[in-house]
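Below is one structure, written out as structure tokens; comments come after it.
First the proteins, then the strands, lettered A, B, ... as listed; each starts at 1.
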Protein chains: 2
Amino acid sequence: MSPSRPRGRPRLFDKDEALTTIQRIFWKNGYSATSLDQISAETKINRPSLYATFGSKKDIYIKCLEHFAEMMGKRTEAAILSETEISRGLEKVFMQAMEIYRPKAKSDGGPMGCFVTCTAPSEAGADEEIKEVLKMVLDRIDQTMRETVEAAIKDRKIQPKQTAEITGHLLGCLLNGLSLRARSGTSRDELERTAKAGIEQILA
Amino acid sequence: MSPSRPRGRPRLFDKDEALTTIQRIFWKNGYSATSLDQISAETKINRPSLYATFGSKKDIYIKCLEHFAEMMGKRTEAAILSETEISRGLEKVFMQAMEIYRPKAKSDGGPMGCFVTCTAPSEAGADEEIKEVLKMVLDRIDQTMRETVEAAIKDRKIQPKQTAEITGHLLGCLLNGLSLRARSGTSRDELERTAKAGIEQILA
DNA sequence: ATATTTTTATGCGAAGCAGTACATAAATGA
DNA sequence: TCATTTATGTACTGCTTCGCATAAAAATAT
């Protein structure tokens with residue numbers, strides 16, 4: 001069972017690499033304001049090839065949303081596991097999110113804020129499918145926060161006033177609020193100060 | 001100086017009423033996914049008349065953003081002034097925001113979430129002008145929260161651990177996070193529970 | 001009445017859009 | 001070698017988009 005190459009002509013591009021490039025375009029311009037011609041030009045993949053590989057414009061966008069969520073999810077889990085002290089882990093989660101939302105280096109015109117929460121809501125009002133993807137991503141964020149909080153409570157590291165569920169929602173809201181402010185141009189420094197103070201306040 | 005009618009043919013529509021209708025369309029569909037034909041059809045105003053009255057598509061959109069921010073700002077000030085106990089005032093601010101973000105009655109397909117924070121971010125990545133309007137609105141939210149918190153501190157009603165500035169940012173982030181969740185379909189009940197707990201936690 | 005001013009209505013035009021048909025190219029299997 | 005399979009490139013279709021040019025309509029001013 002060697003990984004023999006598939007039958008026909010091989011692709012000239014890497015699927016995952018292309019998806020990352022497309023994601024960046026949607027991230028900066030939003031879904032509706034991005035054209036397939038633009039994607040085709042920047043990836044140098046012809047539109048028929050895009051179709052054959054990823055499907056319709058909406059299919060591509062949703063694949064990008066899931067691709068981004070998966071990347072963030074893995075990084076978040078890794079950050080939490082890397083610290084023994086839970087509140088340190090949460091702080092690390094927020095700090096690396098800020099690095100993605102508002103990169104310090106290369107302050108060129110790259111995309112800012114969270115890809116999902118900055119572009120999907122605009123479409124979610126009229127598109128049920130995108131609305132559901134958005135809900136799934138938000139629920140996943142809150143759930144991860146909640147589980148982290150629950151673990152910390154079990155280890156007697158913290159004793160929050162609110163339930164773990166509510167505390168998870170509050171941490172999620174804080175992250176979303178920071179993403180929005182990153183998109184609007186708030187400085188990295190202010191984002192980080194607000195994040196640290198917010199975590200401290202919410203876990204108290 | 002009687003308010004004599006202007007010289008030419010009078011308009012067949014009310015300017016402010018039209019703006020409210022247009023706002024609702026952008027609110028549901030987002031900026032780029034809304035066409036002027038759609039606006040023309042729903043308002044029954046011909047495109048050239050729209051142009052003469054409000055300017056280009058982006059001009060119209062920005063006028064709607066400012067219209068919405070003005071409306072929310074006035075309601076917020078009124079809510080704060082209506083209560084002597086400040087934390088009660090803040091709770092009222094959040095409760096009436098939730099009523100707008102996720103109306104309990106008429107659960108028809110009306111727009112959900114905050115008009116500004118759900119539609120502007122998508123465009124803000126590539127449009128500097130919209131990005132600046134977004135920043136102004138966010139700053140105004142935080143500033144109002146901060147001033148309210150400062151008034152409460154002065155009256156010795158609360159003694160938050162964080163500075164008034166940070167506390168304002170945290171309350172703003174909470175509001176933005178709730179708006180996003182409203183857009184994704186989270187129930188009114190859960191939004192209200194999270195809001196109340198969040199205010200309590202942030203002011204503690 | 002007639003001129004002037006402003007809004008409304010029709011419809012044009014150049015560009016952009018998503019999606020696809022069809023022929024060609026490049027790989028494998030036999 | 002030759003059929004089969006998959007990807008690529010060109011070019012097209014049918015539709016929508018924004019903005020505007022032009023003429024008619026409805027008001028006031030003289």
| Rounded interatomic separation in angstrom, taking CZ from A/Arg9 and C1' from D/dT6 | 9 Å
| query | Between A/Asp37 and A/Ser40, does any side-chain donor sit less than 3.5 Å from a side-chain acceptor? | reply | no
| task | Rounded to the nearest angstrom, tell me the gap between atom CZ in A/Arg7 and atom C1' in C/dA27. | result | 9 Å
| Looking at A/Asp127 and A/Lys131, does any basic side-chain N land under 4.0 Å from a carboxylate oxygen? | no
| note | Rounded to whole Å, NZ of B/Lys57 lies from P of D/dT17 at a distance of 9 Å
| Distance test, side-chain N/O of B/Ser49 to OP1/OP2 of C/dT8, below 4.0 Å | yes
| note | The complete set of ring-ring contact (aromatic ring centres under 6.0 Å, His included) pairs with one or both residues in residues 5-25 of chain A, sequence neighbours excluded, reads none
| message | Quick check with a 6.0 Å cut-off and a 45 degree axis cone: is B/Lys57 positioned over the face of B/Tyr31's six-membered ring? | response | yes
| field | Test item: side-chain donor near acceptor, B/Thr144 and B/Glu77, under 3.5 Å | value | no
| What is the distance, rounded to the nearest whole Å, between atom CZ of B/Arg11 and atom P of D/dT28? | 16 Å
| said: Judged by each residue's nearest nucleotide on DNA chain C, which is more toward the 5′ side, B/Leu12 or B/Gly8? | reply: B/Gly8
| note | Rounded to whole Å, CZ of A/Phe13 lies from C1' of D/dT6 at a distance of 12 Å
| request: Using a cut-off of 6.0 Å, state whether more than 12 heavy atoms not belonging to A/Arg75 lie near its atom CZ. | output: no
| field | Whole-Å distance separating the CG atom of A/Asp59 from the C1' atom of C/dG19 | value | 12 Å
| note | The correct set of residues in residues 27-47 of chain A placing a heavy atom under 4.0 Å from DNA chain C is A/Thr34, A/Ser35, A/Leu36, A/Asp37, A/Arg47
